Amino acid sequence: MAHTRVGDLLKTGEIGTAVTLQGWVRTKREGKGVGFLEVNDGSCLASIQVVVVQESLGGALKQVNTGAAVQVLGTLVASQGKGQRVEVQAQTLTLVGAADAETYPLQKKRHSFEFLREIAHLRPRTNSFGAVFRVRNTCAMAVHQFFQERGFLWVHTPMITVSDCEGAGERFQVTAFDLTQPALPPKLDFTEDFFGRPAYLTVSGQLEAEIMAMALTNVYTFGPTFRAENSNTSRHLAEFWMVEPEMAFCDLEGDADLAEAFLKHIFRTVLEQCPEDMAFFQERISDRVLDNAHKIIDEPFARISYTEAIALLEHSGHAFEFPVHWGIDLQSEHERYLAEVHFQRPVVVMDYPANIKAFYMRLNDQVDPQRQTVRAMDVLVPGIGELIGGSQREERLEVLEQRMRSVGLNPEDYWWYLDLRRFGSVPHAGFGLGFERLVQFMTGMGNIRDVIPFPRYPQNAEF
Ligand code: 4AD
Ligand code: MG
């Protein structure tokens with residue numbers, strides 16, 4: 001007999017039908033002659049109540065504890081209890097996998113997220129993490145749906161590269177050398193290594209996505225990226241997923257339009273498909289979750305230049321830890337002031353100073369050379385700060401070569417990237433969305449380590 005998922009039973013299950021239920025016991029209660037199990041299988045937030053008459057099934061019930069896996073054959077009946085439409089009257093109860101009530105770490109009480117991080121192999125069995133991973137799944141599907149409906153091709157960029165897209169030197173090195181050998185030479189000869197040169201885990205698929213866009217016009221990547229930045233913050237991971245669209249024949253305004261339509265689509269989809277999980281986040285995690293979501297969907301994003309943003313911060317009367325003046329890289333406190341306090345909705349900041357941004361961004365024609373800017377944009381959102389970083393790319397060969405040299409890159413190392421400017425170069429633009437920051441923003445979860453199943457951060461890669 002095919003087994004039935006809890007979500008289907010609770011929503012559409014017809015009273016009187018026979019069901020086979022499989023799942024994990026969240027709680028067990030015993031009354032006079034009857035036992036009650038709350039069984040959850042991850043298909044939805046709610047568990048389903050299973051009523052066990054002890055006369056017939058008391059023996060089996062004794063062995064079943066919180067955390068155990070069970071199979072129940074029974075009948076769906078109208079529930080007497082409040083808050084649920086139906087419950088299962090058990091005919092047989094089978095213990096599939098026992099759990100010792102004494103040592104099972106998840107008890108009925110609320111556990112802190114810090115504690116749950118230490119048992120990341122069990123935390124998917126809690127309400128909060130079930131909800132996070134269902135919403136994360138829906139976000140991922142919405143990403144693909146958005147691009148596929150618009151004719152973007154999903155391209156698969158490599159995870160191992162030799163370039164440093166962001167130029168920040170925050171790369172993990174990849175080697176086939178056995179670095180545990182006691183007698184390593186003082187200087188390793190990487191011509192002897194697997195790739196014949198130093199190689200790294202990618203920090204971004206952008207450079208390769210540009211190659212693909214220069215033939216296929218509109219593409220996107222969606223995959224893991226890696227950064228060895230030693231940031232112990234609630235918004236940084238060493239391994240995170242990034243979504244990177246890249247569009248040929250597109251400028252920065254078109255790029256910002258895409259980012260806005262994209263975020264609106266994802267929020268709309270999640271509100272439609274995960275109403276219970278979103279209501280849970282609103283009630284238990286942050287009372288701004290639904291308001292945020294509706295603002296994203298209903299209101300146009302604000303758009304300002306970096307120069308305007310600096311003026312705004314300078315005149316805000318707010319005391320920032322990091323002093324504000326033209327030329328600084330915006331800190332999280334500045335970004336959040338703009339999005340949270342001033343605009344109270346997402347804001348796209350454009351045209352940043354050239355010397356705080358990566359080499360590939362298109363130089364603006366400048367009146368004041370002291371204030372050289374590039375066609376960069378960041379999408380800042382309440383509670384998070386930077387959610388998206390993007391730019392129009394430098395498509396002019398000489399300007400790009402010049403810029404590479406000025407930041408200490410050797411143009412010869414990037415010959416293929418420059419070839420794109422030699423042969424059929426066009427204006428093009430794209431952005432990168434931090435997928436975990438999106439899920440964080442969507443759910444109101446305070447720490448990015450709690451929106452990815454197995455977070456990677458300094459000193460942690462247990463699971
Ligand atoms: O702003 P970033 O560094 O931009 C790029 O990598 C570009 N190559 C993207 C592009 O234009 N195709 O990163 C993009 C986004 C950030 O806005 C942030 O949301 C996220 O990636 N991000 C991180 N998320 C989690 N942990 C980290 N350590 C992150 N670093 C960046
Ligand atoms: Mg950035």
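Remember, it's 1-based here, ligands and their atoms both numbered in the order they're listed. Numbering starts at 1 and runs along the sequence shown. This one's a predicted model, so the numbers in the text were calculated from it and none came from an experiment.
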Problem - Options Glu239, Glu244, Glu170, Arg227, ranked by nearest heavy atom to atom 2 (P) of ligand 1, top entry - result: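 When every heavy atom of Glu239, Glu244, Glu170, Arg227 is considered, Arg227 comes closest to atom 2 (P) of ligand 1.
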
Practice task
Could you name the option among Gln440, Arg393, Arg437, Glu436 that has the heavy atom nearest to atom 18 (C) of ligand 1?
Solution key: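 When every heavy atom of Gln440, Arg393, Arg437, Glu436 is considered, Arg437 comes closest to atom 18 (C) of ligand 1.
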
Practice task
Please determine if Met242 has a nitrogen or oxygen closer than 3.5 Å to a nitrogen or oxygen of ligand 1.
Solution key: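 Min N/O separation from ligand 1 is not below 3.5 Å for Met242.
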
Problem - Leu387, any N or O under 3.5 Å of ligand 1 N or O - result: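 N/O-N/O distance under 3.5 Å: yes.
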
Does only the side chain of [X] get under 4.0 Å from ligand 1, or the backbone, or both, or neither? Count heavy atoms.
| X | value |
| --- | --- |
| Glu246 | neither |
| Cys165 | side chain |
| His236 | both |
| Phe240 | side chain |
| Tyr360 | side chain |
| Met361 | neither |
| Arg235 | backbone |
| Ile388 | backbone |

Using 30° and 60° as the class limits, which term best fits the ring planes of [X] and [Y]: parallel, tilted or perpendicular?
| X | Y | value |
| --- | --- | --- |
| Phe222 | Trp241 | perpendicular |
| His265 | Phe146 | tilted |
| Phe267 | Phe441 | perpendicular |
| His121 | Phe463 | parallel |

Just wondering, do [Y] and [X] contact through their side chains at under 4.5 Å, heavy atoms?
| X | Y | result |
| --- | --- | --- |
| Trp326 | Glu314 | no |
| Phe359 | Ser406 | no |
| Ile388 | Met377 | yes |
| Met278 | Leu271 | yes |
| Arg235 | Ser332 | yes |

Practice task
Could you give me the CA-CA distance, side-chain angles and deciding distance for Gln148 and Tyr220, then say whether side-chain hydrogen bond (donor to acceptor under 3.5 Å, both in side chains) is met?
Solution key: CA-CA 10 Å; Gln148 295 293 328; Tyr220 68 105; 2.9 Å; yes

Exercise for the section: May I ask you to list the atoms of ligand 1 that are less than 4.0 angstrom from any heavy atom of Ser204? Expected result: 6 (O), 8 (N)

Practice task
Tell me, please: is Leu438 in heavy-atom contact with ligand 1, that is, under 4.0 Å?
Solution key: no

Handout entry: Lys357 heavy atom under 4.0 Å from ligand 1
Key =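 No.
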
Handout entry: Check: Gly254 main-chain N/O paired with Asp251 side-chain donor or acceptor under 3.5 Å
Key = yes

Exercise for the section: Tell me the protein N, O or S atoms under 2.8 Å from the Mg ion (ligand 2), in chain and number order. Expected result: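 N, O, S partners closer than 2.8 Å: Glu386 OE2.
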
Side-chain donor-acceptor pairs under 3.5 Å in residues 315-323, sequence neighbours left out?
{"unit_1": "His315", "atom_1": "ND1", "unit_2": "Ala311", "atom_2": "O", "d": "2.9"}
{"unit_1": "Ser316", "atom_1": "OG", "unit_2": "Leu313", "atom_2": "O", "d": "2.7"}
{"unit_1": "Ser316", "atom_1": "OG", "unit_2": "His318", "atom_2": "N", "d": "3.1"}

Handout entry: Step-by-step ring pair (Phe, Tyr, Trp, His ring centres under 6.0 Å) determination, Phe262 to Phe147
Key = CA-CA 8 Å; Phe262 173 63; Phe147 289 120; 5.1 Å; yes

